[in-house]
Amino acid sequence: IKKYFLKYIKLSGVINCILKIKRLSSFKLNNSTKAKEEFLLKGLNVIKNCLFLVLLFAMDQVISLPQIAAMHIHDSHPVVHVLLVVVYTLTTLAVVIFLVQFYRYKVRKNHSDFANYPLNSKRFRIMLLMVGLWFIFMLLQTWYVTYFNIGTSENQSAIEQLLRDTPIWTWVDAVLVAPVIEELIFRGLFFEFFFTKNSRLVRTIGVVVNGALFGGLHDLGASFPIYAIMGMLLAITYLWTKDIKYSITLHIINNFISFL
């Protein structure tokens, strides 16, 4: 009996060992499958967010269509121009309201720490610092354009053409409307789409990518570094203040100075 009992114990131990190995391999396979599924889902989510960002950028361009139409129909009846202004106003309001609501939704969904914060001493110091850095950036920009004999960028040429044909409309669009829409898309929603982790490394990569994207969409020529640095400074302002209105303010100041 003792002999058979010992054999049973040994056999049970072997069986248990085999079962443990099977469970462990099954656990590893499940983890591997889960990891692949998570990686695939993250990849699909990035692609979805990229497409959504392209759609939002297209919405930003649609706003300019009435102004471009007004630029090409100088001799038309004044009523036509009034209608185009009305279409522009309604479209702009609709897009801004949509972007604000969608941005707030993404912030709540991601449990982000961005909100509507009051101007305290800390944010006031940040804004003073960013205005100072912006002043240095504008001096370097002047040196860069002069030293390397950089011509007018396509983006700037288009604005100058619009300014000649529709001066007041262009001023309102470039100084007041564009900063609000661009900051909501390129700073607010961009970081809620792609860089939600609150870590220094992730946010630093986000600032660099954001600057490159902002620069590329404005100019791919010699003026690219100017727009890229501009985008990075606006992204830093947004991340440090944790409030979109401060980067909007800095963007408005920049565009206003550009029109002087």
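These numbers come from the heavy atoms of this one structure, side chains and all, not from hydrogens, waters or symmetry mates.
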Heavy-atom distance under 4.5 Å between the side chains of [X] and [Y], does that happen here?
| X | Y | answer |
| --- | --- | --- |
| Ile63 | Met59 | no |
| Ser199 | Arg203 | no |
| Leu217 | Tyr227 | no |

Q.
Evaluate Tyr88 against Asp173 for side chain to side chain donor-acceptor pair (under 3.5 Å), listing each step before the verdict.
A. CA-CA 10 Å; Tyr88 168 82; Asp173 182 74; 2.7 Å; yes
Flag yes if more than 12 heavy atoms outside [X] fall under 6.0 Å of its [atom1] atom; otherwise flag no.
| X | atom1 | result |
| --- | --- | --- |
| Ile168 | CD1 | no |
| Tyr117 | OH | yes |
| Tyr105 | OH | no |

Q.
Please determine whether side chain to side chain contact (heavy atoms under 4.5 Å, CB included) holds for the pair Glu192 and Val107, giving the CA-CA distance in whole Å, both sets of side-chain angles, and the decisive distance to 0.1 Å.
A. CA-CA 7 Å; Glu192 293 303 325; Val107 167; 3.8 Å; yes
Q. Phe148 vs Tyr144 aromatic rings, parallel, tilted or perpendicular, using cut-offs 30° and 60°?
A.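 Aromatic pair Phe148/Tyr144 classed tilted.
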Q. With under 30° as parallel and over 60° as perpendicular, where do the rings of Phe52 and Phe102 fit, or are they tilted in between?
A.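 Judged by the thresholds at 30° and 60°, the geometry between Phe52 and Phe102 is parallel.
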Q: Using side chain to side chain contact (heavy atoms under 4.5 Å, CB included) as the criterion, point out the one residue from Val85, Thr170, Val87, Leu84 that pairs with Gln67.
A: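 That would be Thr170.
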Q | Spacing of Ile226 atom CD1 and Ile150 atom CD1 [to the nearest 0.5 Å] | A |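 It comes to 7.0 Å.
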**Q.** Straight-line distance of Ser258 OG to Ile253 CD1, nearest 0.5 Å
**A.**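 Here the interatomic distance stands at 11.5 Å.
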Q. Linking I/L/V/M/F/W/Y whenever their side-chain heavy atoms sit closer than 4.5 Å, directly or via other members, would Val145 and Phe259 fall into one cluster?
A.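 Yes, it is one cluster - the side chains of Val145 and Phe259 are joined through contacts under 4.5 Å.
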**Q.** In one Ile/Leu/Val/Met/Phe/Trp/Tyr side-chain cluster, 4.5 Å: Phe57, Val100
**A.**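 Same hydrophobic cluster.
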Q.
Taking the cut-offs as 6.0 angstrom to the six-membered ring centre and 45 degrees off its axis, would you call Arg187 and Phe214 a cation-pi pair?
A.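 Here Arg187 passes the 6.0 Å and 45° test against Phe214.
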Q | Stepwise ring pair (Phe, Tyr, Trp, His ring centres under 6.0 Å) test for Phe114 and Phe191 | A | CA-CA 11 Å; Phe114 298 97; Phe191 281 97; 7.4 Å; no
Q.
Please tell me whether Phe195 and Phe190 form a close aromatic pair, meaning their ring centres lie under 6.0 Å apart.
A.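 Yes; Phe190 has its ring centre under 6.0 Å from that of Phe195.
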